[in-house]
Amino acid sequence: MQRKRYSPGRVPGTLLGLGASLAVVAGALTGCSAADTAEDVTVDAKAGAAAAPVAPPGRYRTLFEPCGAVPQATLRDLLPGTAALTDVERAAVLRGTAAVTYDTDRRVGCAWTADSGNGTHRLVLDVERVVSYDPTVSDAARAQEVYTRKQLAAGIAVPETPAPTPTAPTTAATASGATKVSATGAATPTGTPSSPTASGGATPPGTGAPSAGTPSAPATTGLEPRLLGGLGDIAFVGDALGTTGGSGTQRVVSVVFRTSNVIVTVEYRQRTTGAAAAPDSKELQDRAQNLARLLADRLEE
């Protein structure tokens with residue numbers, strides 16, 4: 001048999017086939033390794049994702065019994081008409097009437113009423129525990145929203161957070177007659193008077209100091225609806241005077257305060273009849289505030 005002639009640089013076909021097979025296998029292994037690495041990175045990223053923060057729960061989980069929260073001596077001062085009642089009648093009035101609620105751990109209340117010779121005194125106590133069903137909003141934050149609505153309803157504005165004052169753009173010193181940029185972006189020639197008075201002109205009508213007949217803000221008495229300090233986390237007092245049937249008048253004083261996720265409302269009203277003088281604002285406010293502070297101490301027990 002005649003032997004094949006050997007040519008330098010020529011690779012036999014068998015070796016070529018073997019090299020191609022090895023290349024295919026290596027490529028497959030590399031692809032699998034890359035895919036496995038990508039999957040591992042995806043799994044690790046999910047496993048390391050931080051969960052959304054959960055807001056803390058409120059401080060209070062239950063509420064006190066309202067009708068027994070006010071001392072008997074305090075009730076007799078708030079309801080002077082009980083002095084003319086018999087012992088049995090007085091005991092029934094001072095016992096109070098509990099408000100009808102569906103969950104006494106969420107809301108409770110009590111009311112007391114006593115008539116006197118020239119009118120009626122009525123005390124209403126309302127206690128609400130606010131719960132947030134949003135895990136990102138705390139119970140106290142949700143209670144603040146409820147409190148704010150009550151404050152606005154009483155005609156007391158909520159102070160706004162002042163916006164940051166913008167910084168005026170700085171410009172290089174300009175020569176006389178050059179143009180510079182104002183804070184509003186408008187070009188203003190330097191040396192030009194900004195108002196007629198700068199060049200000796202008359203003051204335009206409607207400007208300048210107010211005349212002597214300009215009305216001023218009404219004087220405050222210190223008894224108007226306002227925020228209160230030293231009572232709970234935040235508090236306010238409301239005061240409204242109105243008329244009742246006939247020639248009678250009625251004053252309603254409300255003291256509302258929030259402590260964490262609990263909102264307490266003390267409503268104290270007096271109604272007069274006939275020619276009797278209108279109920280005194282300071283007297284009712286002082287009594288309502290004293291009771292509110294007593295209840296705030298009760299919450300701290």
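Both the sub-6.0 Å distance and the 45° axial angle are not jointly satisfied by R287 relative to the ring of Y268.
Under the side-chain contact (heavy atoms from CB on, under 4.5 Å) rule, Q289 has a single partner from V253, L284, L228, which is L228. Screening T265, V130, I234 for a side-chain contact (heavy atoms from CB on, under 4.5 Å) involving Y147 leaves a single residue, I234.
Taking all atoms of both residues into account, the shortest heavy-atom contact from I156 to L152 is O-CD2, 3.7 Å. Minimum interatomic distance between V93 and A114 (heavy atoms only, all atoms of both residues): CG1-CB, 4.2 Å. Summarising the geometry of P56 relative to S138, their closest heavy-atom pair is O-CB, 3.5 Å, with the distance given to 0.1 Å.
Remark: D126 pairs with R107 by the salt bridge (Lys or Arg N to Asp or Glu O under 4.0 Å) rule, at least two apart or across chains. Annotation: salt bridge (Lys or Arg N to Asp or Glu O under 4.0 Å) contacts of D77 (sequence neighbours excluded): none. Applying the salt bridge (Lys or Arg N to Asp or Glu O under 4.0 Å) test to R59 and every residue at least two apart in sequence or in another chain returns E300.
Between the side chain of R129 and the backbone N or O of D105 there is at least one donor-acceptor pair closer than 3.5 Å. Put simply, the side chain of R293 gets close to the backbone of G230: a donor and an acceptor are under 3.5 Å apart. Formation of a donor-acceptor pair under 3.5 Å by the R76 side chain with backbone atoms of T74 is not found in this model. Using a distance-only test at 3.5 Å, with no hydrogens or angles considered, a donor-acceptor pair links the side chain of R258 to the main chain of S260. Under the 3.5 Å distance criterion, the side-chain polar atoms of E267 are left unmatched by any main-chain donor or acceptor of R269. Side-chain atoms of E128 do not come within 3.5 Å of backbone N or O of V108 as any donor-acceptor pair.
The line from CH2 of W112 to OG1 of T82 is 13.0 Å long, rounded to the nearest 0.5 Å. A distance of 7.0 Å separates CD in E65 from SG in C110, rounded to the nearest 0.5 Å. In this structure, CZ in R61 is found 8.5 Å from CG in N261, a value given to the nearest 0.5 Å. Expressed to the nearest 0.5 Å, how far SG of C67 lies from CG of L75 amounts to 9.5 Å. Between atom CZ of residue R298 and atom CG of residue L291 there is a gap of 12.0 Å, rounded to the nearest 0.5 Å.
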Please lay out, stage by stage, how D139 and R142 fare under the test salt bridge (charged side-chain N to carboxylate O under 4.0 Å, His left out). CA-CA 5 Å; D139 294 342; R142 188 68 74 198; over 6 Å; no
Quick one: do T249 and T243 satisfy side chain to side chain donor-acceptor pair (under 3.5 Å)? Show the steps, please. CA-CA 4 Å; T249 59; T243 59; over 6 Å; no
Decide side chain to side chain donor-acceptor pair (under 3.5 Å) for D134 and S132; before the verdict, give the C-alpha distance in whole Å, the side-chain angles of both, and the deciding distance to 0.1 Å. CA-CA 5 Å; D134 186 343; S132 172; 5.8 Å; no
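Residues R251 and D239 are paired through a salt bridge, judged by an N-O separation under 4.0 Å between the basic side chain and the carboxylate.
Residues T120 and Q270 have side chains not in contact (no heavy-atom distance under 4.5 Å, counting atoms from C-beta outward). Counting heavy atoms from C-beta outward, F236 and P225 have side chains that stay 4.5 Å or more apart. At least one side-chain heavy atom of R106 sits under 4.5 Å from a side-chain heavy atom of V131. Side-chain contact between T148 and Q144 is present, with heavy atoms from C-beta onward closer than 4.5 Å. Side-chain atoms of T272 and P279, non-hydrogen and from C-beta on, do get closer than 4.5 Å to each other.
No donor-acceptor contact under 3.5 angstrom links the side chains of T259 and D233, judged on distance only.
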